[in-house]
*Asks:* 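Okay, handing you the structure first.
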Amino acid sequence: MGKIAVTGIAGEALAAQLRAEAERARRRAAIQAEIDKWNNKLTTVQSQKTSLTAQQANLNLYMGDWDTQKTAYNGNDILTEVVILNVFEGVCADKIKEELTASVTQMDQTYSRISGLNGNVGLQISKLNEYITFIDEKITALKNELNSI
């Protein structure tokens with residue numbers, strides 16, 4: 001096939017129209033690539049949020065179990081009574097009470113650290129939600145730009 005030569009004003013107008021159409025196609029492709037990039041980021045962030053949410057649920061479950069166990073433990077009358085029948089039992093009872101108190105203190109410290117971790121995970125989830133909102137807005141703006149071309 002041969003080329004058709006269009007000369008003059010009509011030819012220049014057609015060439016300008018073809019250049020403009022090629023530029024619109026290039027811009028549309030660039031915007032679509034940007035939308036795809038942001039969609040991939042959105043998928044990654046949502047996956048991270050899902051994972052952190054599951055971990056936070058586990059932390060809440062463990063903290064609830066710990067509260068239940070500690071309440072049962074503290075409410076047990078046997079553990080609060082120290083019975084001394086003779087010297088040997090008195091020494092053992094005092095030692096058990098001392099170790100028990102130290103264990104409860106350590107459990108409270110661990111619970112406090114887990115509670116702090118739980119709060120930090122919640123903060124991270126909140127930040128991820130903010131980023132998801134930002135990404136959604138970015139994608140919407142790019143789609144609007146794409147539709148306007």
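In this chain, residues are counted from 1 in sequence order.
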*Asks:* Tell me whether I149 is reachable from I139 by hopping between hydrophobic residues (I, L, V, M, F, W, Y) whose side-chain heavy atoms are closer than 4.5 Å.
*Replies:*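 Yes; I149 is reachable from I139 via cluster members.
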
*Asks:* Is it true that, when you exclude Q17 itself, more than 12 heavy atoms of the residues, nucleotides or ligands shown sit nearer than 6.0 Å to its CD?
*Replies:*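 No, because the 6.0 Å sphere around CD of Q17 holds 12 heavy atoms or fewer from other groups.
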
*Asks:* Can you establish whether the number of heavy atoms outside K37 located under 6.0 Å from its atom NZ is more than 12?
*Replies:*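 Check passes, neighbour count above 12.
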
*Asks:* R27: which residues meet the salt bridge (Lys or Arg N to Asp or Glu O under 4.0 Å) condition with it, sequence neighbours left out?
*Replies:*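 Result, salt bridge (Lys or Arg N to Asp or Glu O under 4.0 Å) vs R27: E145.
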
*Asks:* For K143, does its backbone N or O pair with a side-chain atom of N147 as donor and acceptor, under 3.5 Å?
*Replies:*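 A pair under 3.5 Å: yes.
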
*Asks:* Looking at T53 and K49, would you say the former's side chain and the latter's main chain have a donor-acceptor pair under 3.5 Å?
*Replies:*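 A pair under 3.5 Å: yes.
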
*Asks:* State the CG-CG distance between D65 and N60, to the nearest 0.5 angstrom.
*Replies:*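 D65 atom CG to N60 atom CG measures 11.0 Å (nearest 0.5 Å).
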
*Asks:* Mind checking the CG-CD1 spacing from N40 to I135? Nearest 0.5 Å is all I need.
*Replies:*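 CD1 of I135 is found 10.5 Å from CG of N40.
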
*Asks:* Test of understanding: clusters of I, L, V, M, F, W, Y form through side-chain heavy atoms closer than 4.5 Å, transitively. Do Y62 and M107 belong to the same one?
*Replies:*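 No.
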
*Asks:* Give me the ring orientation class for Y111 and W66: parallel if the planes are under 30° apart, tilted from 30 to 60°, perpendicular past 60°.
*Replies:*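 Y111 and W66: parallel rings.
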
*Asks:* Return the CD to CD distance between E99 and Q106, rounded to the nearest 0.5 Å.
*Replies:*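 One gets 12.0 Å once the value is rounded to the nearest 0.5 Å.
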
*Asks:* Determine whether E137 and T140 satisfy the following criterion, side chain to side chain contact (heavy atoms under 4.5 Å, CB included), listing intermediate values before the conclusion.
*Replies:* CA-CA 5 Å; E137 290 170 355; T140 299; 5.6 Å; no

*Asks:* Once you round to the nearest 0.5 Å, how far does CD of E21 lie from CZ of R28?
*Replies:*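 Going from CD on E21 over to CZ on R28, the span is 9.0 Å.
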
*Asks:* If you round to the nearest 0.5 Å, how far is OG of S112 from CG of L117?
*Replies:*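 The OG atom of S112 is 11.5 Å from CG of L117, to the nearest 0.5 Å.
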
*Asks:* Report yes if some heavy atom in the side chain of Q32 is under 4.5 Å from a heavy atom in the side chain of I35; otherwise report no.
*Replies:*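 The answer is yes; the side chains approach within 4.5 Å.
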
*Asks:* Which pair of heavy atoms, one from I31 and one from L142, lies closest together, and at what distance?
*Replies:*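 Closest approach of I31 to L142, heavy atoms only: CG2-O, 3.5 Å.
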
*Asks:* Does S126 reach the main-chain N or O of G122 with its side chain, forming a donor-acceptor pair under 3.5 Å?
*Replies:*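 No.
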
*Asks:* What's the separation between atom CD in Q56 and atom CE in M63, rounded to the nearest 0.5 Å?
*Replies:*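 Reported to 0.5 Å precision, the distance equals 9.5 Å.
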
